[in-house]
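First comes the structure, then the notes that go with it.
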Amino acid sequence: MRTWGVVPSPLGDLTVARTDRGLAGVWFADHRGGARVDAEDERDDAAFGDVAGQLAEYFAGARTAFDLPLDPPGDAFSRRVWEALTRIPHGTTTTYGEIARTLGGVGHSQAVGLANGRNPLSIVVPCHRVVGRDGDLVGYAGGLWRKRFLLDLEQSADERLF
């Protein structure tokens, strides 16, 4: 069983879920595919103070990485992709092809893209930092306007830090 709740953000309310091992989901209100909350999951908004606090710091430009235990549901390859996403530096972008290369599969850009699109931990696992080969914004389950917002936020925060 998981616990879930709602955390406010500048991008709208986020549905969050966790298991006893860690954060399992962060979804936008109109997330493509919807929030993955099951009927047997228990709602407890107060159980997410740590998540709400770190998200608030991130949106204020005071946090560049999250320090939360994670427990995303997914297959082994997807988990490897999501782990690679956590290593993309704040304020920078990379491509699906670059992630595929770091995982040892030069021809696996499409598989990386699919795993990236299934990332259940929006913002926390920064799939918004992945762009198309030509640098264009492509695919984001929360909508491209949110992707642009997050990238701009990180760029502004990095400029304030230096």
Side-chain angles (χ1 to χ4, degrees), residues 7 9-12 14-19 21-36 50-162:
V7 172
S9 87
L11 296 174
L14 300 169
T15 299
V16 293
R18 70 166 22 122
T19 68
R21 292 180 305 278
L23 193 62
V26 177
W27 303 282
F28 298 103
D30 57 351
H31 199 95
R32 186 178 62 234
R36 287 123 184 133
D50 57 339
V51 177
Q54 289 194 27
L55 283 166
E57 292 170 356
Y58 170 79
F59 284 115
R63 175 174 287 279
T64 60
F66 293 90
D67 182 24
L68 298 162
L70 305 179
D71 188 28
D75 60 55
F77 179 77
S78 294
R79 287 174 176 261
R80 287 183 56 219
V81 170
W82 302 334
E83 173 61 32
L85 297 177
T86 66
R87 293 190 299 271
I88 304 169
H90 184 271
T92 66
T93 60
T94 192
T95 65
Y96 300 102
E98 278 301 312
I99 293 173
R101 277 188 282 287
T102 66
L103 297 176
V106 175
H108 293 101
S109 296
Q110 276 190 317
V112 166
L114 289 171
N116 193 63
R118 288 191 302 262
N119 171 25
L121 293 165
S122 297
I123 305 169
V124 174
V125 172
C127 56
H128 60 274
R129 296 179 189 155
V130 182
V131 297
R133 178 180 54 227
D134 57 3
D136 286 346
L137 296 188
V138 294
Y140 190 62
L144 290 181
W145 71 271
R146 285 191 179 104
K147 186 172 191 164
R148 170 53 52 208
F149 178 97
L150 294 168
L151 292 172
D152 289 348
L153 173 76
E154 291 183 4
Q155 187 65 43
S156 296
D158 285 350
E159 289 170 1
R160 287 190 305 268
L161 291 174
F162 298 105

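We're numbering straight along the sequence, starting at 1.
To the nearest 0.5 Å, atoms CD (Glu57) and OG1 (Thr64) are separated by 10.5 Å. Distance check, rounded to the nearest 0.5 Å: CG of Leu114 to OG of Ser78 gives 8.5 Å. Within the model, atoms OG of Ser9 and CZ of Phe149 stand 8.0 Å from one another, a figure rounded to the nearest 0.5 Å. Remark: Phe28 CZ to Thr15 OG1 distance equals 11.0 Å, nearest 0.5 Å. Annotation: the span from Ser109 atom OG to Glu98 atom CD amounts to 9.0 Å, rounded to 0.5 Å.
Two residues are said to be in side-chain contact when any heavy atoms from C-beta on lie closer than 4.5 Å; Arg18 and Val51 meet this criterion. Taking the side chain as every heavy atom from C-beta outward, Val81 and Asn119 never approach each other to under 4.5 Å. Between Arg146 and Asp30, some side-chain heavy-atom pair lies under the 4.5 Å cut-off.
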Criterion side chain to side chain contact (heavy atoms under 4.5 Å, CB included) on Leu150 and Trp145, from CA distance to verdict: CA-CA 9 Å; Leu150 294 168; Trp145 71 271; over 6 Å; no
Stepwise side chain to side chain contact (heavy atoms under 4.5 Å, CB included) check, Thr94 with Val131: CA-CA 6 Å; Thr94 192; Val131 297; over 6 Å; no
Trace of the side chain to side chain contact (heavy atoms under 4.5 Å, CB included) decision for Leu137 with Leu151: CA-CA 10 Å; Leu137 296 188; Leu151 292 172; 3.5 Å; yes
Trace of the side chain to side chain contact (heavy atoms under 4.5 Å, CB included) decision for Leu23 with Asp71: CA-CA 5 Å; Leu23 193 62; Asp71 188 28; over 6 Å; no
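Residue Ala17 comes nearest to Trp27 through the heavy atom pair CB-CZ3, 3.9 Å, listed as atom of the first residue, atom of the second, then distance. Residues Gln54 and Phe66 share a closest heavy-atom pair of OE1-CA, 3.5 Å. Residues Ala24 and Leu121 approach most closely at C-CD2, 3.6 Å, considering heavy atoms. Of all heavy-atom pairs between Gly139 and Tyr96, the closest is O-OH, 4.1 Å. Counting all heavy atoms, side chain and backbone alike, Pro126 lies closest to Ile88 at O-CD1, 4.4 Å. Here the shortest heavy-atom pairing between Ala115 and Trp82 reads O-NE1, 2.8 Å.
For Arg129, the salt bridge (Lys or Arg N to Asp or Glu O under 4.0 Å) test picks out Glu154, with sequence neighbours left out. Evaluation of the salt bridge (Lys or Arg N to Asp or Glu O under 4.0 Å) rule for Arg87 yields Glu83 as partners, not counting sequence neighbours.
Distance alone, capped at 3.5 Å, places no donor-acceptor pair between the Arg36 side chain and the Pro120 backbone. Remark: side-chain polar atoms of Arg63 are not paired, donor with acceptor, to backbone N or O of Leu55 under 3.5 angstrom. Side-chain atoms of Asp134 come within 3.5 Å of backbone N or O of Asp136 as a donor-acceptor pair.
A salt bridge does not link Asp152 with Lys147: none of the charged nitrogens is closer than 4.0 Å to a carboxylate oxygen. Taking the charged nitrogens against the carboxylate oxygens, Arg80 and Asp75 have no contact shorter than 4.0 Å, which rules out a salt bridge.
Taking the six-membered ring for Trp and thresholds of 30 and 60 degrees, His128 and Tyr140 have ring planes more than 60 degrees apart, a perpendicular arrangement.
Counting only N and O atoms by type, the side chains of Thr95 and Arg133 include no donor and acceptor under 3.5 Å apart.
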